[in-house]
Amino acid sequence: MCDPICTAQAQDWANERLNQSPRHGEWVDIKSGERTIKAFVVYPERKEKTPVVIVIHEIFGLTDWVRGICDQLAKNGVIAIAPDLLSGQTYSDVDGARKAISVLTKEQIKTDLDAAADYALKIPAGNGALAVCGFCWCGGVTFSYANENPKLKAAYSFYGPAPDEASKVANIPCPVYGFYAENDERVGATIPKAEELMKAAGKKYEPVIYKGATHGFMREGEMPNPSEANKKARDDAWARWKTLLKQL
C-alpha cells in the first residue's frame, strides 16, 4: 500500500524532471482542524518576496505531475504549495485515490485549503499575495474555493466544472481565469451559465477554450508522445498562465 504522500500513479517522466530541478522543494506538516496534513512546497530562485499559489491536485491524488506543476510555478517566480487532501489515507492505485477523494466532504476540503492558505500567507518569503489553481475535479473546487476565501487575488481553473448558481459566485473577490479543452463537452457545457452568473455579479471571468484539446491536456500535453493538439494546448495555456502570474 502507498503511504500518505506517495503517488497514486507511476509517473517516471514527471519524477525525472522534478529530480533534475535546481529549485528547493520540501514536504511540510500543516495543522488542519483536529488533524495534520502534508503539503509540498517549492520556492523560486529569487531574492524578492513573491506571491504564493495554492495548487489543488487532481482526483488521482498528489502525484509527481502535480509536484512538477509546483516546480514549474516556482520556475516562473512564485512559491507553490500543494496540500495533500488525502493526508492520512492509504490507497494502492488510481481507483483507490478516486474513491478516497469521492468521500471527502466539502467541509473537510475547505478546512484543509484554509489551513494551506493560512500557512502560505505566513511564509516569510511570501509577499502577501495569494492565488489558487486546480485541475480536473479540483478545477471545480478552485472555482468553489474562490467563493469562500476573500483573501485570494486570482483563481486559475483548469477544465473543472463551473458554478451553476448565483450564490456560488456572489462572494468571489478576484478574477477567475478558465482553461478548457474543446473536446470536453461535459465541462464545456457549464461555461455559458458561469459566464452569465459572473457577469450579473460584476465578477471577472475569462474562459479560454483550447482547440482540439481533450480533458486533462495540461498533464497529457507533457507526457511522452502527447497528441499534437494537447501539446499545443498545454504550451499555449502555460504561456497565458505565465503572463497572468506576473499580474499577481
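Start at 1 with the first residue, then count along the sequence. Please read these numbers as outputs of a predicted model, since none were measured by experiment.
Judged purely by atom type and a 3.5 angstrom limit, K49 uses its side chain to pair as donor or acceptor with the backbone of P124. Distance alone, capped at 3.5 Å, is enough to place a donor-acceptor pair between the T243 side chain and the A239 backbone. Judged by distance alone, the side chain of N149 and the main-chain N or O of D114 form no donor-acceptor pair under 3.5 Å. Looking only at distances, a side-chain donor or acceptor of T142 sits under 3.5 Å from a matching main-chain atom of G134.
The distance from atom NZ of K106 to atom OG1 of T111, rounded to the nearest 0.5 Å, is 14.0 Å. To the nearest 0.5 Å, atoms CZ (F217) and CG (D236) are separated by 9.0 Å. The CD1 atom of I79 sits 13.5 Å away from the CZ atom of R23 when rounded to the nearest 0.5 Å. Between atom CZ of residue R240 and atom CG of residue L245 there is a gap of 11.0 Å, rounded to the nearest 0.5 Å. With rounding to the nearest 0.5 angstrom, the OG1 atom of T63 is 9.0 Å from the CD1 atom of I69. Here the straight-line distance linking atom CG of N171 with atom CG of L152 works out to 12.0 Å at 0.5 Å rounding.
Minimum heavy-atom separation, C174 to A155: SG-N, 3.9 Å. For the pair R67 and N15, the tightest heavy-atom approach, listed with the atom from each and the gap, is NH2-OD1, 3.6 Å. When every heavy atom of G139 is checked against every heavy atom of S157, the shortest pair comes out as O-OG, 2.7 Å. Nearest heavy-atom pair, A82 versus V66, reported as atom, atom and distance to 0.1 Å: CB-CG1, 4.3 Å. In plain terms, the two heavy atoms of A116 and I54 that are nearest each other are C-CD1, 4.4 Å. Scanning both residues, C133 and L73, for their nearest heavy atoms gives SG-CD1, 4.5 Å.
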Item to check | Step-by-step side-chain contact (heavy atoms from CB on, under 4.5 Å) determination, F179 to Y159 | outcome: CA-CA 6 Å; F179 301 74; Y159 35 84; 5.5 Å; no

Checklist entry - H215 and F158: side-chain contact (heavy atoms from CB on, under 4.5 Å), yes or no, with the steps? => result CA-CA 9 Å; H215 186 84; F158 290 83; over 6 Å; no

Checklist entry - Step by step, would you call W241 with N76 a side-chain contact (heavy atoms from CB on, under 4.5 Å)? => result CA-CA 10 Å; W241 200 7; N76 286 282; over 6 Å; no

Next on the checklist: Determine whether Q247 and K153 satisfy the following criterion, side-chain contact (heavy atoms from CB on, under 4.5 Å), listing intermediate values before the conclusion.
Outcome noted: CA-CA 10 Å; Q247 299 173 11; K153 301 299 183 184; over 6 Å; no

Checklist entry - What do the steps show when you test R234 against E220 for salt bridge (Lys or Arg N to Asp or Glu O under 4.0 Å), and what is the final call? => result CA-CA 8 Å; R234 183 258 182 193; E220 298 292 331; over 6 Å; no

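By the 4.5 Å heavy-atom criterion applied to side chains, D12 and E16 are not counted as neighbours. F40 is listed as a side-chain neighbour of V42, based on a closest heavy-atom distance under 4.5 Å. Counting only heavy atoms from C-beta outward, the side chains of V55 and V132 never approach each other to under 4.5 Å. The closest side-chain heavy-atom distance from Q89 to L104 is below 4.5 Å. Side-chain contact between K151 and L121 is present, with heavy atoms from C-beta onward closer than 4.5 Å.
Under the side-chain hydrogen bond (donor to acceptor under 3.5 Å, both in side chains) criterion, E45 pairs with no residue at all, not counting sequence neighbours. The side-chain hydrogen bond (donor to acceptor under 3.5 Å, both in side chains) check on N183 picks up nothing, with sequence neighbours excluded. For A120, the side chain to side chain contact (heavy atoms under 4.5 Å, CB included) partners are V52, I81, L130, not counting sequence neighbours.
In summary, R219 and E58 engage in a salt bridge, as defined by a charged side-chain N under 4.0 Å from a carboxylate O. Ion pairing between K231 and D235 holds under the 4.0 Å rule for side-chain N and carboxylate O. Contact check on E148 versus K110 returns no salt bridge, with no Lys/Arg side-chain nitrogen under 4.0 Å from an Asp/Glu carboxylate oxygen.
In this structure, V78 is a member of the same hydrophobic cluster as Y177, with clusters built from ILVMFWY side-chain heavy atoms closer than 4.5 Å. Hydrophobic clustering keeps V53 apart from F143 (ILVMFWY residues linked when any side-chain heavy atoms are closer than 4.5 Å, directly or through intermediates). By the rule that hydrophobic residues join a cluster once side-chain heavy atoms approach within less than 4.5 Å of another member, V41 and L85 end up as members of one cluster. Note on F60 and I109: same hydrophobic cluster, where clusters join Ile, Leu, Val, Met, Phe, Trp and Tyr whose side-chain heavy atoms are under 4.5 Å apart, directly or indirectly. There is a path of hydrophobic side-chain contacts, each under 4.5 Å, that joins V141 to I101.
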Please report, to 0.1 Å, the donor-acceptor pairs under 3.5 Å made by any side chain of residues 30-37, with sequence neighbours excluded.
residue	atom	partner	partner atom	Å
S32	OG	D112	OD1	2.5
R35	NH1	S87	O	3.0
R35	NH2	D112	OD1	3.3
R35	NH2	D112	OD2	2.4

Got a list of side-chain donor-acceptor pairs under 3.5 Å for residues 191-213, not counting sequence neighbours?
residue	atom	partner	partner atom	Å
K203	NZ	A170	O	3.3
K203	NZ	I172	O	2.9
Y205	OH	Y180	OH	2.7

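Taking the six-membered ring for Trp and the full ring otherwise, W65 and F135 have centroids separated by under 6.0 Å.
Judged as a ring pair (Phe, Tyr, Trp, His ring centres under 6.0 Å), not a single pair has a partner in residues 108-133 (not counting sequence neighbours).
For T190 and D164, the side-chain atoms include no donor-acceptor pair closer than 3.5 Å.
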